[in-house]
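Letters A, B, ... mirror the listed sequences (proteins, then strands); counts begin at 1. Values below: all heavy atoms of this structure, side chains included; hydrogens, waters and symmetry mates excluded. Keep in mind that what you see is a predicted model, and the values were worked out from it rather than measured.
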2 protein chains.
Amino acid sequence: MTQAKKKQPLAQRPSLTMADLAELAGVSKITVSRALSESPLVNAQTRERVQALARKHGYKLNVSARNLRLRRSQTVAVIVEMKPSSERTMWDPYPLSLLGGISQELTSAGYSVLLTTRQGASHAAVQAADGLILLGQGVRQDAVRLYGKLGLPMVVWGAAGEGGDNHTVVGSDNRQGGVIAAERFLSIGRRHPVFIGNPDHPEMAQRLFGFVDELARHGIKPLLLRRDDFTLESGVDAVRSLAARKVRFDAIFACSDLLAMGAIRALVELGQSVPNDVSVIGYDDTPLGASFLPPLSSVRQNWQEGGVLLARKVLAMIHGQPVQSQMMATTLVVRST
Amino acid sequence: MTQAKKKQPLAQRPSLTMADLAELAGVSKITVSRALSESPLVNAQTRERVQALARKHGYKLNVSARNLRLRRSQTVAVIVEMKPSSERTMWDPYPLSLLGGISQELTSAGYSVLLTTRQGASHAAVQAADGLILLGQGVRQDAVRLYGKLGLPMVVWGAAGEGGDNHTVVGSDNRQGGVIAAERFLSIGRRHPVFIGNPDHPEMAQRLFGFVDELARHGIKPLLLRRDDFTLESGVDAVRSLAARKVRFDAIFACSDLLAMGAIRALVELGQSVPNDVSVIGYDDTPLGASFLPPLSSVRQNWQEGGVLLARKVLAMIHGQPVQSQMMATTLVVRST
DNA sequence: GGATCGAATGATATCGATATCAAGATATCG
DNA sequence: CGATATCTTGATATCGATATCATTCGATCC
């Protein structure tokens, strides 16, 4: 029982180690380790005793030590592309829902989530991760190649196929989102649909393709109205320009709820009835759209589930299982428009 | 040069260690360590040579080993309260901006951000963190006490003083947000202001207090109109009920942009002019409000900066510096209402 | 010229946990 | 009763990095 510590080179609040517990319990370190990890190799009584002691003294496992010994980090890095001021701001609720799903799934699998922005991603801790998840828009171009070089299991959130080299992608099935919008319009007999959005965004291009293809199967060709902003104003403006050009249309599929709401406002101003004269479908099913008057019909993507899926894929890759890209189905929430 | 490895108990992709580098460079491990950490104790030439080798072979520092030796984790855990069910949908966007600020500040200080949801927070890795940041609504009641017991440096996002035991709080100055709204109304000569919101939420109560107090200094007493939902409909409904009760009012301070927009819509329906007859101020300065017609005046909170501040406080605490709670000033963005 | 100093490098111990192998104790069997 | 199997525990080595102390070598000093 030597009470005095020999030295204290790196001062820190002294935390209990397994060795300390071992001494307290009158057993060896290894027995403590086994007891705490529920190993069947220790006597039940010993196990109880050690665990009780651990609780009583507030023992905390040293994660670094374990990870070092086990040669793994039990960590997945999530790299988020966050442009502070850009077209699609981080005000979008979706990254957070995605993160929620990721975090939930990974932590319940005993993994930690290391959150990083693009700049910070060169940090050593990221390289030490067992796997990588990439989120954000600019991600698919350079970032994929950049992080791919790390040689870690990696899953990317985004559009399928695109740049579809060999990395795994999870994303919302934008094409199918366009298809179900088209189906809806067809089922209620619309013949002159309009698409509002910016096909330069890969996601929106997919929506457009799905929309166009499905309509084409019924001999209908929609009008493409390009709009770069996804604001309410932009939607208003879009419809006004249609009216100014005396275009005939009876349905609008907008690439965001905001666009859709703007369109509806403009329609009302023009004396058109929604949905009697013109039917409108938005995208993202935002709470705002749901409480709009009239309540907006919209294509919903389940972000939370997307996060869960991303997490599962990385975990599978980490464990050496084969993994494939996957697109998540979207659903159409039909409300009053 | 023994080529065969003795054993391989824990198989993993073989990664270069300092010992390997040392052998390649013909120096000892410690010299490598010093060379890579820019220590002045090594000859400049040696340092260059070792660093070049490290780059060439893609050497990666083993973070666990370093953390173990250094007895620290260089990690701050962020615990996010995420209720999937919405209720307070307006809260969705803010945690991400906050996270952005936190992440940016911490990683640039060489720290890692460990993201956790409430359930996962018991995970060992959280206890291993050097510090804790708590985000989310339910946080202030039990969570603070719960995590406080860990004895780690901890900073909480929320309302000041409240439950104000001894932990550090960073938050938006809601009271001051109410004050500046009041000041604005006073400066443009409004005499009959209305407050719409739910004072049961601590943040909103603060806004109300600030609003009321500032007005009181000029002998004006606002009307409190309680609304539990923060939707557009709720705002519409609020104004209609005012009209039905034939209440006289010339200004509205709403606790969310959505409420404000609903209010404006109802006012327009009632034939009132905004801002001529009634002036309206919202809260949060959402992009949606900015692109509303007419563009909404609103109280802005700088979330990103809040995140930075949270991060700085934990870091300061970790380094043993004294730290105080701090409320961030809000600004009034005056647009057309 | 011997002592002293500084620069550069190395040997060793250490952080806290766990894998591996060995050994003691007890039980079971022929 | 001796031998083997089973259960339980321990000794030791190891993961990869760094702090500490020791050493070497050349330069400088009086």
Between the protein and nucleotides 22-26 of chain D, are there any N/O to N/O pairs under 3.5 Å, and if so, what are the atom names and distances?
none

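- Rounding to the nearest 0.5 angstrom, the gap separating the NE2 atom in B:His167 from the OG atom in B:Ser325 is 7.0 Å.
- For B:Arg69 against C:dG16, no side-chain N or O and base N or O form a donor-acceptor pair under 3.5 Å.
- In terms of phosphate contacts, B:Thr31 brings no side-chain nitrogen or oxygen within less than 4.0 Å of OP1 or OP2 of C:dT9.
- Residues that satisfy the salt bridge (Lys or Arg N to Asp or Glu O under 4.0 Å) test with A:Arg49, not counting sequence neighbours, are absent from this structure.
- If you take NZ of B:Lys29 and C1' of D:dT20, they are 14 Å apart, rounded to a whole angstrom.
- Atom CG of B:Leu106 is separated from atom CG of B:Leu114 by 11.5 Å, given to the nearest 0.5 angstrom.
- When all heavy atoms of A:Arg47 and A:Val42 are compared, the pair lying nearest together is NH2-O, 3.7 Å.
- Between the CZ atom of A:Arg72 and the P atom of D:dC15 there is a distance of 17 Å, given to the nearest Å.
- Relative to the side chain of B:Arg34, the nucleotides D:dT9, C:dA17, C:dT9 differ in distance, and C:dT9 lies closest.
- Rounded to whole Å, the distance from CG on B:Leu70 to P on C:dT14 is 17 Å.
- At the phosphate of C:dT18, OP1 or OP2 sits under 4.0 Å from a side-chain N or O atom of A:Arg66.
- In this structure, A:Arg66 has no salt bridge (Lys or Arg N to Asp or Glu O under 4.0 Å) partners at least two apart in sequence or on a different chain.
- Comparing the local axis fitted to the first five base pairs of the helix from C:dG1-D:dC30 to C:dG30-D:dC1 with the one fitted to its last five gives a bend of 50°, rounded to 10°.
- In this structure, the CD atom of A:Glu38 is 13 Å from the P atom of C:dT18, given to the nearest Å.
- Atom-to-atom, CD1 of B:Ile30 to P of D:dT20 comes out at 14 Å; the value is rounded to the nearest Å.
- Nearest nucleotide to the B:Ser28 side chain, out of C:dA17, C:dA11, D:dT9: C:dA11.
- One can place CE of A:Met18 at 15 Å from C1' of D:dG10, the figure rounded to the nearest angstrom.
- Between A:Leu41 atom CG and C:dA19 atom C1' there is a gap of 11 Å when expressed in whole angstrom units.
- Between B:Thr46 and the phosphate of C:dT9, there is a side-chain N or O to OP1/OP2 separation shorter than 4.0 Å.
- Looking at residues two or more places apart in sequence or on another chain, you find a side-chain contact (heavy atoms from CB on, under 4.5 Å) between A:Ser39 and A:Arg34, A:Ser37, A:Leu41.
- Rounded to an integer number of Å, the gap from B:Leu68 CG to D:dA19 C1' is 13 Å.
- Residues A:Leu98 and A:Leu135 form a side-chain contact, since some pair of their non-hydrogen atoms from C-beta on lies under 4.5 Å apart.
- Surrounding CD of B:Glu38 are more than 12 heavy atoms belonging to other residues, nucleotides or ligands, all under 6.0 Å away.
- Between A:Tyr59 and C:dA17, a side-chain N or O to OP1/OP2 separation shorter than 4.0 Å is present.
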Show me the side-chain donor-acceptor pairs of residues 311-320 of chain B shorter than 3.5 Å, one per line, residues at least two apart or across chains.
residue	atom	partner	partner atom	Å
B:Arg312	NE	B:Glu105	OE2	2.9
B:Lys313	NZ	B:Gln324	O	2.8
B:Lys313	NZ	B:Gln326	OE1	3.0
B:His319	ND1	B:Leu315	O	3.0

